[in-house]
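Order of the sequence lines sets the chain letters (A, B, ...), proteins ahead of strands, with each chain counted from 1.
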There are 2 protein chains.
Amino acid sequence: MTLTEENYLKALFHLSLENEEVSVLDLSKSLNIKMPTVNSMVKKLSSKELISYEKYKPLTLTQGGKRAAGLIIRKHRLVEMFLVEHLGFGWDEVHEIAEQIEHIKSQRFFDRIDQLLDFPKVDPHGSPIPDINGEVAIQNYKKLEECHEGQQATFMSVGSSQDSFLKLIDKLNLKLGDKIKVLEIQDFDKTMRVLVNNNSEQTLSQLGATKILVKLNV
Amino acid sequence: MTLTEENYLKALFHLSLENEEVSVLDLSKSLNIKMPTVNSMVKKLSSKELISYEKYKPLTLTQGGKRAAGLIIRKHRLVEMFLVEHLGFGWDEVHEIAEQIEHIKSQRFFDRIDQLLDFPKVDPHGSPIPDINGEVAIQNYKKLEECHEGQQATFMSVGSSQDSFLKLIDKLNLKLGDKIKVLEIQDFDKTMRVLVNNNSEQTLSQLGATKILVKLNV
DNA sequence: AATTTTTGTTAGACTATTCTAACATTATAG
DNA sequence: CTATAATGTTAGAATAGTCTAACAAAAATT
Ligand SMILES: [Mn+2]
Ligand SMILES: [Mn+2]
Ligand SMILES: [Mn+2]
Ligand SMILES: [Mn+2]
């Protein structure tokens, strides 16, 4: 499989998680590639039985396509983790590099990284690292936005890897695993005042709170 | 610059070190790409002022081409070193992976690896790592083959990265930095009996001794 | 139900990299 | 110094991946 094909599969995989149905237009937008190009690549991947394609119908990955995509995402996330843990990169700097290294052809290379990291289950953004069969564990975290005043939760994952969002989280001194207690929610604009790890008070916009994924503490 | 262009420059660089003059045929053989293809790529790189090209004349790198090639080789060798030192690869396993990773677009990535390795000067095969300007230090080591009976030398570099050769060196338990004393050279076939680090005796064929590069001990 | 908008497809073209076949030049060997 | 061999070049075609322009189908609006 070529780097290009791999990127199409990965994009379709991600879109399929976010949306009920995925169109050629969706894929086109997500890859920043014009529709006719996507159309022909989809046909090609369909002929390789990685994508199920019927004219004018939504796109889906075949079993094989899902597995292939999962394995690429596995490599991507292992690399991101490695870049943060061993090369000292910030979590806002690793995506672009991982986007390239995920295409390296060497099973062994990724196995070693996995081993060096002691077989991590999540990447630096809290996203699950698919297993050796490309299988992705389903996380069902809650958006912090959905929490009520007084509730306590643990910060498990980010809902966006946008640079500006990650940098904001850094600035608020929030880290995965932190305990977040909702102190107050403004009626007017849903702005949240929260207590982090029982010691630092922070304010979050509603949009920000949407992208902070948490597990409620019992 | 594309991966393909980078590989052409690198190949020409290496050939230029080994031979007085480099022909289109040499480059073609070394890249395993047919001559007409090489011919057109050479023209393209010439138009980018990376290669000096005149019809029917030997090929040379321009100043810029040399620098570009040096920088790619720098990345290649840093990666090889990293793979050996931090991911536990054998020196016979790293070339293929480095061949891919050398094309990753991220200055910072290679800077971090350089730092993590504490700015190494040589790769796992004893070859010099070009500096940040692509400048390669010239090593002038002697072939062990040229040493006389009784001489002592230090194993500095290998003259071949062929898998079978590297594996042989491993089997003989020879490592870069080892002290080698020439005990005896057979008149008949130039086979060498040597003493390694004053404790293990080994036998080397003439061909083998040609590929072991050493610095004479005074 | 007819019209408009959105989405999808086809056709044709372009660049990058590669190839084979044919021809040209240079080098080598009588 | 010619004939042959080796090397180099040109021409033309193929594949992968991309694009624009034009047309077609499906969905959304009157
Ligand atoms: Mn990422
Ligand atoms: Mn990618
Ligand atoms: Mn190498
Ligand atoms: Mn390479």
Open item on the list: Taking the six-membered ring for Trp, are Y53(A) and Y8(A) closer than 6.0 Å centroid to centroid?
Closed with: no
TODO: Name the nucleic acid region contacted by K43(B), choosing base, sugar-phosphate or nothing; use a 4.0 angstrom heavy-atom cut-off, strictly under.
DONE: sugar-phosphate
In whole angstroms, how far is the [atom2] atom of [N] from the [atom1] atom of [X]?
| X | N | atom1 | atom2 | result |
| --- | --- | --- | --- | --- |
| L25(A) | dG8(C) | CG | P | 6 Å |
| L27(B) | dT9(D) | CG | C1' | 15 Å |
| K57(A) | dA24(D) | NZ | P | 20 Å |
| L31(A) | dG17(D) | CG | P | 13 Å |

TODO: Report yes if at least one side-chain N or O of N39(B) is closer than 4.0 Å to OP1 or OP2 of dT9(D); otherwise report no.
DONE: yes
TODO: Quick one: which residue pairs count as a side-chain hydrogen bond (donor to acceptor under 3.5 Å, both in side chains) with a foot in residues 58-72 of chain A, not counting sequence neighbours?
DONE: none
Task: Pairs meeting criterion side-chain hydrogen bond (donor to acceptor under 3.5 Å, both in side chains) with involvement of residues 102-119 of chain B, two or more places apart - done: E93(A)-R108(B), E6(B)-H103(B), E6(B)-K105(B), N7(B)-H103(B), K10(B)-E102(B), R74(B)-D114(B), H76(B)-E102(B)
Open item on the list: Whether K75(B) engages the ring of F110(B) as a cation-pi pair (distance to the six-membered ring centre under 6.0 angstrom, angle to the ring normal within 45°) should be assessed.
Closed with: yes
Open item on the list: Going by the rule ring pair (Phe, Tyr, Trp, His ring centres under 6.0 Å), which residues pair with F155(B) if we only count those two or more places apart in sequence or in a different chain?
Closed with: none
Open item on the list: Once salt bridge (charged side-chain N to carboxylate O under 4.0 Å, His left out) is applied, what residue pairs with a partner in residues 77-90 of chain A remain, sequence neighbours excluded?
Closed with: R77(A)-D123(A)
Quick one: which protein N/O atoms are closer than 3.5 Å to N/O atoms of nucleotides 15-22 of chain C? Pair and distance per line, please.
residue : atom : partner : partner atom : Å
dT17(C) : OP1  : T2(B)   : OG1          : 2.8
dT17(C) : OP2  : K44(B)  : NZ           : 2.1
dT18(C) : OP2  : Y8(B)   : OH           : 3.2
dC19(C) : OP2  : K34(B)  : N            : 3.0
dC19(C) : OP2  : T37(B)  : OG1          : 3.1

Open item on the list: Using modelled atom types and a 3.5 Å cut-off, is there a donor and acceptor pairing between side-chain atoms of N19(A) and backbone atoms of E21(A)?
Closed with: no
Open item on the list: Can you tell whether the side chains of K48(B) and E5(B) come within less than 4.0 Å, N to carboxylate O?
Closed with: yes
Below 3.5 Å is the cut-off: list the nitrogen or oxygen pairs between protein and nucleotides 23-27 of chain C, distance only.
residue : atom : partner : partner atom : Å
dT25(C) : O4'  : Y56(B)  : OH           : 3.4

